[in-house]
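Both backbone and side-chain heavy atoms feed into the values below; hydrogens, waters and symmetry mates do not. As the structure lists them, so they are numbered: ligands from 1, and atoms in each ligand from 1.
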Amino acid sequence: MENETLIYLKNKLNGFVPDTAIVLGSGLGNFTELMKDPIIIPYADIPNAPKPTIKGHQGRLCAGVIGKHNVICLQGRTHLYEGMDPHVIMASTQQLKDLGVKRFIATNAAGSLRVDLPAGSLMLIEDHINFSGKNPLIGAHPAPYFPDMSVAYDLEMRQKMQAIAQRENIPLYSGVYIMALGPNYETPAEVRMFRSFGADAVGMSTVPEIITAVHANMKALGISVIANLGAGLGDEHLDHDDVVKTVAEAGQKLSYLLQKFLEEE
Ligand code: HPA
């Protein structure tokens, strides 16, 4: 049965069937300018939708064509550190699936856990570690149960993205993303621990979204914009304004890569 949210979205989309959803992390705010005549739906208008509480996160859904694809961009996401029930993330992913989305792309800002992965780099997520202590699949949820996560980040999409990056001469690292619940940045001891776990970058989002996308049988891809070196690896203090500036610059490169990605089948 279609719920109120789905009915509302289908009505607004007016026959537009998205195949790709992209969650735009900080720094990618103007990516939607690539869409001609987008359908814009503020989260505030969507029945039962979570409203982001963080300043600078716009909170709206933009639907339109980019390249060869019908795309839904989510400008602004909800983070678990906002106090949101993780089930909310599952509901949002399920709505996207019900609208027709088959490919789910998450972008985010993250801290580097390696000095050879400097601020301003882009990292394709090859795998993740859920260190949030939370999981959107806890409790009653639709089948499948115990979803397989052995290749959570779709290999074909990753290879395509790597090939485009190489062709376009944009360095694209590959690594493991670990999710910390936040909202504080890590301590140097936590950064050392995460490195010893085998992670390359740390952030406060994406993992619950990818879990729900894999659960919903979508092809998932994730890319991190490295905003800063993790605490203790550089000599600066971690300052949110610096993070925003670095991310905005590297975000341009990521926007370009995503645009080229969408120009392919
Ligand atoms: N840690 C966690 N999340 C982040 C960081 C960080 O250093 N930088 C940007 N998002």
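- Neither the backbone nor the side chain of A231 comes within 4.0 Å of ligand 1, counting heavy atoms alone.
- Aromatic ring centres of H69 and F261 lie farther apart than the 6.0 Å criterion allows.
- Distances below 4.0 Å separate heavy atoms of E186 from the following atoms of ligand 1: 1 (N), 2 (C), 6 (C), 7 (O).
- Close contacts between ligand 1 and M204 involve ligand atoms 2 (C), 3 (N) [criterion: under 4.0 Å to a heavy atom].
- Around atom NZ of K253, more than 12 heavy atoms belonging to other residues, nucleotides or ligands sit under 6.0 Å away.
- Taking every non-hydrogen atom of N228 and a distance limit under 4.0 Å, the qualifying atoms of ligand 1 come out as 5 (C), 6 (C), 7 (O), 8 (N), 9 (C).
- For ligand 1, the atoms closer than 4.0 angstrom to any heavy atom of G203 are 2 (C), 3 (N).
- Atom NZ of K260 has more than 12 heavy atoms from other residues, nucleotides or ligands within 6.0 Å.
- We find the CD1-OG distance between I223 and S174 to be 10.5 Å, quoted to the nearest 0.5 Å.
- Ion pairing between E264 and R167 holds under the 4.0 Å rule for side-chain N and carboxylate O.
- Using a non-hydrogen distance threshold of 4.0 Å, G230 does not register as a contact of ligand 1.
- Residue-to-ligand polar distances keep Y185 apart from ligand 1: every N/O pair is separated by 3.5 Å or more.
- Every atom of ligand 1 is numbered from 1 in the order shown, and the set under 4.0 Å from a heavy atom of G111 is 4 (C), 5 (C), 6 (C), 7 (O), 8 (N).
- Counting heavy atoms of neighbouring residues, nucleotides and ligands inside a 6.0 Å radius, atom CZ of R195 does not exceed 12 of them.
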